[in-house]
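Order of the sequence lines fixes the chain letters, A, B, ..., with proteins taken first and strands second; residue numbering starts at 1 for each chain. These values consider heavy atoms only, across backbone and side chains, with no hydrogens, waters or symmetry-generated copies.
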Number of protein chains: 2
Amino acid sequence: MVEKTGQPGYLQIADDLRTQIRTGSLAPGAALPSTAQLCKRYDVSASVVKAAISVLRTEGLIVGQQGKGVFVREDAAASASEEEPASSEVMEQLAQMRNTLATLGERIAELEKTVFQESKRSR
Amino acid sequence: MVEKTGQPGYLQIADDLRTQIRTGSLAPGAALPSTAQLCKRYDVSASVVKAAISVLRTEGLIVGQQGKGVFVREDAAASASEEEPASSEVMEQLAQMRNTLATLGERIAELEKTVFQESKRSR
DNA sequence: ATAGAATACTTGGAATTCTAAGTTGTCAAG
DNA sequence: CTTGACAACTTAGAATTCCAAGTATTCTAT
């Protein structure tokens with residue numbers, strides 16, 4: 001049931017379910033209880049349950065499938081705190097670093113060619 | 001208005017408002033149009049607008065104040081894409097770059113060995 | 001046994017209504 | 001001018017209802 005803590009019911013349910021997902025009680029790929037079951041369990045209307053589900057969906061923890069159910073996303077554990085696309089600035093700097101590394105590789109290749117040829121000659 | 005793109009109305013509105021927040025059309029601290037105004041603008045019921053607002057609230061972009069309005073959070077621009085732990089893609093690229101650096105280091109070591117041995121001999 | 005129809009269940013979206021609580025503006029009285 | 005009452009507006013939460021679309025199970029006919 002939803003307690004009178006000043007916290008709205010839908011957020012309490014969302015928090016509850018999020019905790020279960022994070023602790024593994026609701027494993028990745030597992031189905032959440034149906035809306036009807038959650039309504040009974042928490043003694044609230046469907047609109048409250050749906051609002052809670054919507055929060056978790058927006059957080060990326062769950063995904064629903066019409067007619068089938070709502071499931072914990074496979075990457076939900078990571079998604080709880082990770083899994084944001086890297087910002088474009090980070091990606092840009094990574095690209096630059098990869099370019100620098102490639103250039104270094106080429107310069108070293110040139111050195112190798114030169115040095116190891118000289119090694120042969122000097123023998 | 002909400003278009004018939006297969007995308008639910010509430011998500012279209014949320015996307016629309018999020019874009020405005022990101023592009024600065026809705027500056028941090030600025031008030032969003034009221035629910036009534038958004039209903040008129042998008043020609044939808046209040047429940048659709050509220051659902052859109054709820055999504056943006058869950059994303060941390062906005063905050064509502066009873067009786068007053070819904071406002072863009074001051075840190076909304078940052079919240080949109082920054083301050084998140086690095087994504088798995090970033091971590092993967094970093095790992096690859098570490099490997100590349102190790103390889104380059106080994107090749108340089110071989111070069112140094114060769115070059116400095118020849119230096120000794122040539123004296 | 002198999003296929004199709006019917007039924008039950010499910011999510012998702014949307015509309016309508018109501019209540020609670022707060023803010024803002026207007027107007028009348030002092 | 002100030003203050004208080006009231007109306008209008010606002011967000012937030014919640015309930016109820018309806019519809020669309022899909023899945024799973026059961027039942028019936030072949």
Side-chain angles (χ1 to χ4, degrees), chain A residues 1-18 20-21 26-74 76 79, chain B residues 1-18 20-21 26 28-74 76:
Chain A
M1 71 278 79
V2 170
E3 307 193 356
K4 310 206 180 221
T5 61
Q7 175 95 325
Y10 81 98
L11 278 182
Q12 287 181 45
I13 296 172
D15 290 343
D16 209 19
L17 295 172
R18 191 186 303 105
Q20 290 178 49
I21 290 170
L26 281 173
L32 269 65
S34 70
T35 303
Q37 290 170 341
L38 292 171
C39 289
K40 281 189 187 137
R41 174 179 303 179
Y42 291 104
D43 193 31
V44 294
S45 71
S47 71
V48 178
V49 168
K50 287 180 180 180
I53 295 291
S54 180
V55 167
L56 296 177
R57 179 190 299 117
T58 302
E59 291 176 357
L61 298 186
I62 60 172
V63 63
Q65 190 171 347
Q66 269 193 5
K68 193 161 183 173
V70 178
F71 300 87
V72 180
R73 279 184 54 170
E74 294 290 346
S79 190
Chain B
M1 66 284 74
V2 169
E3 307 193 354
K4 306 201 182 230
T5 62
Q7 174 95 326
Y10 82 98
L11 278 183
Q12 287 181 46
I13 297 171
D15 290 343
D16 208 20
L17 294 173
R18 190 186 301 106
Q20 290 179 47
I21 290 169
L26 280 173
L32 269 64
S34 70
T35 303
Q37 290 170 342
L38 291 171
C39 290
K40 281 188 188 139
R41 174 180 303 179
Y42 292 104
D43 193 30
V44 294
S45 71
S47 71
V48 179
V49 168
K50 287 181 181 178
I53 296 292
S54 179
V55 165
L56 297 177
R57 180 190 298 118
T58 302
E59 292 176 356
L61 297 186
I62 59 173
V63 62
Q65 191 171 348
Q66 268 192 5
K68 192 159 184 176
V70 177
F71 301 88
V72 180
R73 280 185 54 172
E74 294 289 347

Legend entry - Residue mapping more 5' on DNA chain D - nearest nucleotide basis, A/Lys50 or A/Gly67: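 With A/Gly67 and A/Lys50 compared, the 5'-side residue is A/Lys50.
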Legend entry - 5'-most by nearest nucleotide on DNA chain D - A/Ala46 or A/Gln65: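 Upstream on the strand: A/Ala46.
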Whole angstroms only, please: what is the [atom1]-[atom2] distance between [X] and [N]?
X	N	atom1	atom2	result
B/Tyr10	C/dT11	OH	C1'	11 Å
B/Gln7	D/dA20	CD	P	20 Å
A/Leu38	C/dT11	CG	P	8 Å
B/Ile13	C/dA14	CD1	P	8 Å
A/Leu56	C/dG12	CG	C1'	15 Å
B/Phe71	D/dA12	CZ	C1'	14 Å
A/Leu32	C/dC9	CG	P	20 Å

Legend entry - Residue met sooner reading DNA chain C from 5', once A/Gly64 and B/Lys68 are mapped to nucleotides: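 Final value for this comparison: A/Gly64.
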Inset, instruction - Check every strand shown and say whether A/Ser54 touches a base, only sugar-phosphate, or nothing at a heavy-atom separation below 4.0 Å. - result: nothing
Inset, instruction - Can you measure from CG (A/Leu17) to CG (A/Leu61) and round to the nearest 0.5 angstrom? - result: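 Output value for this atom pair is 10.0 Å.
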Legend entry - Pairwise distance NZ(A/Lys40) to OG(A/Ser34) - rounded to 0.5 angstrom: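 One finds 8.0 Å between NZ of A/Lys40 and OG of A/Ser34.
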Inset, instruction - Would you name the heavy atoms of B/Phe71 and B/Gly29 that are closest together and state the gap between them? - result: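 It is CD2-O, 3.7 Å.
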Legend entry - Heavy-atom pair with the smallest gap, counting every atom of B/Pro33 and B/Leu38: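 Where B/Pro33 meets B/Leu38 most closely, the heavy atoms are O-CD1, 3.6 Å.
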Ignoring the backbone of [X], work out which of [options] is nearest its side chain.
X	options	value
A/Gln66	D/dA12, D/dT23, C/dT11	C/dT11
B/Ser34	D/dT23, D/dA15, D/dT10	D/dT10
A/Ile53	C/dG12, C/dT11, D/dT10	C/dG12

Taking only side-chain N and O atoms of [X], does any of them lie within less than 4.0 angstrom of OP1 or OP2 on [N]?
X	N	result
B/Arg57	D/dA12	yes
B/Ser47	C/dA14	no
B/Ser45	C/dA14	no

Inset, instruction - Apply salt bridge (Lys or Arg N to Asp or Glu O under 4.0 Å) to B/Arg18 and list each qualifying residue two or more places apart in sequence or on a separate chain. - result: B/Asp15, B/Glu59
